[in-house]
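Here's the structure, in structure tokens; my notes come after.
In what follows, every heavy atom counts, from backbone to side chain, and hydrogens, waters and symmetry copies are set aside. The chains referred to below are lettered A, B, ... by the order of the sequence lines, with proteins before strands, and numbering in each begins at 1. Note that the structure is predicted; figures quoted are calculated from it, not measured.
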Protein chains: 2
Amino acid sequence: MSPETAPLDAEQLAAYFALMEVSTLLQHAVDEHLRADGDLSNVQFQILMRLSGAPEGRLRMTDLADGVVYSRSGLTYQAGLLEQRGLITRSPAPDDERSVIVAVTGAGRDLIARVLPGHIRVVRRLLFDSLQATDVEVLGAVLGRVRDHMRAAPPRSARPRTRRAKP
Amino acid sequence: MSPETAPLDAEQLAAYFALMEVSTLLQHAVDEHLRADGDLSNVQFQILMRLSGAPEGRLRMTDLADGVVYSRSGLTYQAGLLEQRGLITRSPAPDDERSVIVAVTGAGRDLIARVLPGHIRVVRRLLFDSLQATDVEVLGAVLGRVRDHMRAAPPRSARPRTRRAKP
DNA sequence: TATTGTTATACTCTATAACTATA
DNA sequence: TATAGTTATAGAGTATAACAATA
């Protein structure tokens, strides 16, 4: 058995399981709140948040897709929903006619403002109520390192260029 | 602004974002591997793993559902898929005719054995390669505390009784 | 040719409610 | 009545591939 595939030791397993369980439960609770309080999916919330934080509240579709991980078509779908509700607008980019600029509207910002307090309440109750300041620091530092490492890693083992065609 | 909804401080935000980002990327990578290597969804993998760890490889549907969070019907769906592939069996419980006992088959254990090394490789590469032993310990301890706190918390603010009907 | 984005489509998953049966 | 599980069904979300337009 190569060291790469040797079983994880007890500490590692505990950390792995705890991480997955905590994030799953937290995600679930957050999703539920966003849906109930603002009729938003998590992705939609993330899109609005990213736009809110961007200069002038605007980003290209591609930049959004890079951040939100999902496929282009998935982003188009979600953006379509947000646009229908008047929470964002889409318009062609002036400098590159292929690109589309997405912008938050006032209504979008209002919705975020309305939803954010409850969102924070959920996160605080589930994640931070059981942690001391030093725990939070350590958690952020360790997970920050992991994240940086993940992002630096090659973007997944080179996705298959094309799906093998069925002739 | 009540202290409950006061914005999260910088340390908290960093920890929260890092947690969600790390878990999302890890989950994504794991899902991809499980699908490619064993044609398993994450839920299916979890079901098989739980059964593998249970005495005699058997559990009731309800016990499985409690662990895997999802709704009863969702579990029935996933169990149906696993049963079709011969990875589990379902049979009525002898002591309580209402219950169904789910059991891993040999094929199920074989599949787990085949998939696990790659699973470990993914987790190790993404999560543990950037961490020292002490980091792992701390991470497990802190997140373990959070998990225990989450589980102790009241089961979400009383679910809405019925969906408002559209007449 | 490569990039940006949309559309069409098919599929997976999840949840709700209604239902059966057993306790 | 309450519990265990299934089924029917409907909806949300995602991905793939084909497509159009621009660089």
Apart from L81(B) itself, its cluster of hydrophobic side chains linked below 4.5 Å comprises Y77(B)
Remaining members of I101(A)'s ILVMFWY cluster at a side-chain heavy-atom cut-off under 4.5 Å? none
For residues L143(A) and L139(B), determine if any side-chain heavy atom of one lies less than 4.5 Å from a side-chain heavy atom of the other. yes
M150(A) side chain near E21(B) side chain, heavy-atom distance below 4.5 Å: no
Please identify each residue that fulfils side-chain contact (heavy atoms from CB on, under 4.5 Å) with [X], with sequence neighbours left out.
{"X": "I120(A)", "value": "L116(A), R124(A), L8(B)"}
{"X": "S99(A)", "value": "R60(A), A93(A), D96(A)"}
{"X": "R114(B)", "value": "L111(B)"}

What integer distance in Å separates [X]:[atom1] from [N]:[atom2]?
{"X": "M61(B)", "N": "dT7(D)", "atom1": "CE", "atom2": "P", "result": "10 Å"}
{"X": "D31(B)", "N": "dT12(C)", "atom1": "CG", "atom2": "P", "result": "15 Å"}
{"X": "L64(B)", "N": "dA4(D)", "atom1": "CG", "atom2": "C1'", "result": "13 Å"}
{"X": "D63(B)", "N": "dT3(D)", "atom1": "CG", "atom2": "C1'", "result": "13 Å"}

Side-chain-base donor-acceptor pair under 3.5 Å for S73(A) and dT14(D): no
Tell me which residues in [range] put a heavy atom below 4.0 Å from DNA chain C, sorted by number, or none.
{"range": "residues 36-50 of chain A", "value": "none"}
{"range": "residues 76-83 of chain B", "value": "Y77(B), Q78(B), L81(B)"}
{"range": "residues 93-102 of chain A", "value": "R98(A), S99(A), V100(A)"}

All side-chain hydrogen bond (donor to acceptor under 3.5 Å, both in side chains) counterparts of R35(A), not counting sequence neighbours: D39(A)
Who passes salt bridge (Lys or Arg N to Asp or Glu O under 4.0 Å) against E83(B), sequence neighbours left out? R90(B)
Under 4.0 Å between a side-chain N or O of R35(A) and OP1 or OP2 of dG13(D)? yes
Distance test, side-chain N/O of R72(A) to OP1/OP2 of dT4(C), below 4.0 Å: yes
Set of residues satisfying ring-ring contact (aromatic ring centres under 6.0 Å, His included) with respect to Y16(A), sequence neighbours excluded: H119(B)
May I have all residue pairs that pass side chain to side chain donor-acceptor pair (under 3.5 Å) and include part of residues 127-139 of chain A, sequence neighbours excluded? D135(A)-R145(B)
